[in-house]
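Report on one structure; see the data block that follows.
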Protein chains: 2
Amino acid sequence: MKTSDGAPIRVVLADDERMVRTALRAILESENEFEVAGEAATGAEAVAVVRELLPDVVLMDVRMPEVDGIRATEQILRTVAEPPRIVVVTTFENDAYVYEALRAGASGFLLKRADADELVQAVRLVARSDSLLFPAAVRSLAAEHAAARRAAPPWVARLSGREADVLRLMATGLTNAEIASRIGVGPATVKTHVASVLAKTGTRDRTQAVIAAYEAGFVGT
Amino acid sequence: MKTSDGAPIRVVLADDERMVRTALRAILESENEFEVAGEAATGAEAVAVVRELLPDVVLMDVRMPEVDGIRATEQILRTVAEPPRIVVVTTFENDAYVYEALRAGASGFLLKRADADELVQAVRLVARSDSLLFPAAVRSLAAEHAAARRAAPPWVARLSGREADVLRLMATGLTNAEIASRIGVGPATVKTHVASVLAKTGTRDRTQAVIAAYEAGFVGT
DNA sequence: CGCCGCCTCCCCCGCCCGGCGGAGGCGGTT
DNA sequence: AACCGCCTCCGCCGGGCGGGGGAGGCGGCG
């Protein structure tokens, strides 16, 4: 395959543990398509080194002194003209930082227990395209989301069409009169529907009903 | 690098368009490490073929007649003893199916406009590890989530400590009197705080304030 | 046909809520 | 010292809201 199309992939390693950096360097340099251009032991250092060396890829640890990997990622992507692809390295799959890293604009993820081959593949892929590499972690996060969205609370099915409409409008902050004019019925009718909604949701006022609607995912956050 | 450690990677292609299958086959077979073991034009066919051939990787289109790619993925993972890694192929980045595919247990994603090299890399990586390959799509999805959770709406910082307490309690469905006894102050005091919250959130009643709190991620859904 | 659920609308009552103005104490900034 | 923001409370008022009851029309189901 066409691994080396000329220049090597220039990598910067950012990790506060020297041993980790050494290990990563050893793995990458065993392939001649990589060149470890520099190292950094803190987030601030990482930003400086990247600004200086303009590498293709940065392997960024999340937990680092002074400035953590997430904020370093943000700063790099915000301030460097042609920013590198950044691969965030985490220890635990279910690390809450995964979200943060995504937001910050990371191009990939890697677990510290990944083997050498995975590391090589990841760096190579990230260098060539914008793809995101994900550990299994994301699967559970996505499942969580999906679960929250899908959990069908008992009362949802029992709402009549009109009641559902009214609840949705309640959840936008409208008063009964506003809902009435919106759906073209009298205010008294809306009151009736609201009363039904309160009964079926087991709530005592519109505020609680709206809360229930949100908690049930009945309205999208 | 150690690309071929003996047997080739056996791949099954599932796509209702013959041309797509042909193109994928051409790309994969240009590398001798892959072997396209079979093809399928529908979801049901895909399940049958996989059960028959037990490949290492399946490239699965989302939109297919009869049974879509998502449900085919579910069925394969649920019914095949040693299921293959499944890479879901989508046309659009912001495809809602991405979530579904994750839930179904897909090991990767690929955009149809991905180039040959990306495809090869993706299949190879997925075959060897459980990593998920993500197109940029996921970034926006995750950003959306994160944004909802994190987007610091201007008014949040402007709430005083007491006001924040009161808003949180409002968002649990308590009345002013209940909030008062909960935080050990007079009802009139709570009314004042509520009024401040309404003013700062730019809402007119407690229901709208609670909605704003949810939308802002001020309270966890 | 009778029963039931849904949608529509009406009445009255009472409370809680939101809007208004006023007040005092406390701590930090200028 | 003057000022401002926050927290604490008080009163009054009007209105939206929730509870209770009643009523009629419509459609489906046994």
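Within every chain, numbering begins at 1; the chains are lettered A, B, ... in the order of the sequence lines, protein sequences first and strands thereafter.
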Check your understanding: Hey, is CZ on Arg182(A) packed in by over 12 heavy atoms from elsewhere, all under 6.0 Å?
Key -> no

Review point. Quick one, which residues of residues 161-193 of chain A touch DNA chain D with a heavy atom under 4.0 Å?
Key: Thr175(A), Asn176(A), Lys191(A)

Check your understanding: Restricting to pairs with a member in residues 36-49 of chain B, which pass side-chain hydrogen bond (donor to acceptor under 3.5 Å, both in side chains), not counting sequence neighbours?
Key -> Arg21(B)-Glu39(B), Arg25(B)-Glu39(B)

**Study point:** Heavy-atom closest pair, residues Pro84(A) and Ile76(A)
**Key:** CD-CG2, 3.8 Å

Exercise for review: Could you summarise the pairing of DNA chain C as dot-bracket text, marking Watson-Crick and G-U pairs under 3.5 Å with ( ) or [ ] inside the strand and | across strands?
Suggested key: ||||||||||||||||||||||||||||||

Review point. What are the two closest heavy atoms between Ala40(A) and Val49(A), and how far apart are they?
Key: CB-CG2, 4.3 Å

Exercise for review: Mind listing the closest non-hydrogen atom pair of Thr203(A) and Thr201(A) along with its distance?
Suggested key: OG1-OG1, 2.7 Å

Check your understanding: Is Glu35(A) atom CD crowded by more than 12 heavy atoms from other residues, nucleotides or ligands, each under 6.0 Å away?
Key -> yes

Check your understanding: Which heavy atom in Leu198(B) sits nearest to a heavy atom in Ala209(B), and how many Å separate them?
Key -> CD2-CB, 3.8 Å

Practice item. Report the C-alpha separation of Leu28(A) and Val123(A) in whole Å, then their side-chain angles, then the decisive distance to 0.1 Å, and conclude whether the side chain to side chain contact (heavy atoms under 4.5 Å, CB included) test is met. Key: CA-CA 9 Å; Leu28(A) 291 175; Val123(A) 174; 4.2 Å; yes

Revision key, fill the gap. Residues passing the salt bridge (charged side-chain N to carboxylate O under 4.0 Å, His left out) test with Arg162(A), sequence neighbours excluded, are Asp165(A)

Point to revise | side chain to side chain donor-acceptor pair (under 3.5 Å), paired with Asn176(A), selected from Lys191(A), Arg206(A), His193(A) | key: Arg206(A)

**Study point:** Arg204(B) atom CZ: more than 12 heavy-atom contacts under 6.0 Å
**Key:** yes

Point to revise | DNA chain D: 5'-most and 3'-most nucleotides touching chain A, 4.0 angstrom heavy-atom criterion | key: dC17(D) to dG19(D)

Revision key, fill the gap. So, with a heavy-atom separation below 4.0 Å from DNA chain C, the residues of residues 196-210 of chain B are Leu198(B), Arg204(B), Asp205(B), Arg206(B)

Study note, to complete from the structure: Looking only at heavy atoms, the pair that brings Pro83(B) and Leu77(B) closest together is CB-CD2, 3.5 Å

